[in-house]
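All figures in this text were calculated on a predicted structure; none of them were measured in a lab.
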There are 2 protein chains.
Amino acid sequence: MKNSLKVERAIMDLTQGELADKIGVSRQTIHAIEAGKYVPSTVLALKLARLFGKPVEAFFMLESTD
Amino acid sequence: MKNSLKVERAIMDLTQGELADKIGVSRQTIHAIEAGKYVPSTVLALKLARLFGKPVEAFFMLESTD
DNA sequence: ACTTTTTGTAAAGTTTATTTTACTTTTTGA
DNA sequence: TCAAAAAGTAAAATAAACTTTACAAAAAGT
């Protein structure tokens with residue numbers, strides 16, 4: 001799973017910490033997702049989608065390895 | 001998190017087992033998600049979205065408790 | 001150059017997703 | 001109505017998400 005969270009965050013002009021607060025997770029969780037360390041739950045993905053005003057598919061994309 | 005997986009599955013005319021096979025998870029995982037026992041990963045949600053030809057938001061919806 | 005903010009990293013611990021196996025109940029179809 | 005298929009349930013085990021704390025590196029602002 002790839003994601004363009006970093007870009008969306010830049011568009012919204014938010015730090016990792018600010019985004020984490022808005023979504024209700026720790027800063028490290030945001031960092032880990034951006035770094036591709038793990039895949040978030042669907043709840044988290046939907047919260048990000050709501051915040052970004054875009055569908056989940058717009059910033060989370062499946063890869064052949066998934 | 002609510003979901004209408006059961007409906008989407010009915011539209012596609014698939015059993016829990018068939019859907020599980022197509023997505024690459026166990027039948028119990030499909031059942032548990034339909035029963036609201038737990039929330040799937042974003043990878044799983046995206047695979048379902050691809051299969052159903054609909055965005056994730058079409059069959060997974062946040063609740064006030066999320 | 002110095003200070004502050006932001007980001008990266010890492011380890012230990014907790015919670016939650018997912019699998020496997022197995023058994024029961026319900027639904028479907030002949 | 002009987003048999004087969006599908007769905008519900010449950011417990012134990014494993015993997016993965018997420019938190020907390022804490023510190024190092026990098027970036028940004030003055």
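- A heavy-atom distance below 4.5 Å is not found between the side chains of A/Val43 and B/Phe60.
- Between B/Glu8 atom CD and B/Glu34 atom CD the span is 11.0 Å, to the nearest 0.5 Å.
- No side-chain heavy atom of A/Val39 sits under 4.5 Å from any side-chain heavy atom of A/Asp66.
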Report each atom pair, protein N/O against N/O of nucleotides 14-21 of chain D, whose distance is under 3.5 angstrom.
from   : atom 1 : to      : atom 2 : distance (Å)
D/dA17 : OP1    : A/Val39 : N      : 2.9
D/dA17 : OP1    : A/Val39 : O      : 3.1
D/dC18 : OP1    : A/Ser41 : N      : 3.3
D/dC18 : OP1    : A/Ser41 : OG     : 3.2
D/dT19 : OP2    : A/Ser26 : N      : 3.0
D/dT19 : OP2    : A/Ser26 : OG     : 3.0
D/dT19 : OP2    : A/Thr29 : OG1    : 2.2
D/dT21 : O4     : A/Gln28 : NE2    : 3.0

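- Atom NZ of B/Lys37 is separated from atom CD of B/Gln28 by 10.5 Å, given to the nearest 0.5 angstrom.
- Following rounding to the nearest Å, B/Glu34 (CD) and C/dT18 (C1') show an atom-to-atom distance of 16 Å.
- Atoms CD1 and OG, from A/Ile33 and A/Ser41 in turn, are 8.0 Å apart once rounded to the nearest 0.5 Å.
- Regarding B/Asn3, its CG atom lies at a distance of 13 Å from the P atom of C/dA17, rounded to whole Å.
- Distance check: A/Ile30 CD1 to A/Asp21 CG gives 9.5 Å after rounding to the nearest 0.5 Å.
- Hydrophobic clustering (side-chain heavy atoms under 4.5 Å, transitive across Ile, Leu, Val, Met, Phe, Trp, Tyr) groups A/Met12 together with A/Leu48.
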Between N or O atoms, less than 3.5 Å apart, protein on one side and nucleotides 24-30 of chain D on the other: list the pairs.
none

Interface polar pairs with nucleotides 24-30 of chain C, N/O, under 3.5 angstrom:
none

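- Spacing between atom CG of A/Leu14 and atom C1' of C/dT6 amounts to 13 Å, rounded to whole angstrom units.
- Atom CG of B/Leu19 and atom P of D/dG8 are 13 Å apart (whole Å).
- Put simply, CD on A/Gln16 and NZ on A/Lys6 are 8.0 Å apart, with the number rounded to the nearest 0.5 Å.
- Counting heavy atoms from C-beta outward, A/Leu46 and B/Met1 have side chains that approach closer than 4.5 Å.
- Looking only at side-chain heavy atoms (C-beta outward), B/Val56 and B/Thr42 stay at 4.5 Å or farther from each other.
- C/dT19 atom C1' lies 16 Å from atom CD of B/Gln16, rounded to whole Å.
- One can place NE2 of B/His31 at 16 Å from C1' of C/dT20, the figure rounded to the nearest angstrom.
- The shortest side-chain heavy-atom distance between B/Ser4 and B/Met61 falls under the 4.5 Å cut-off.
- Within the shown strands, C/dC2 is the pairing partner of D/dG29 under the Watson-Crick or G-U definition, both distances less than 3.5 Å.
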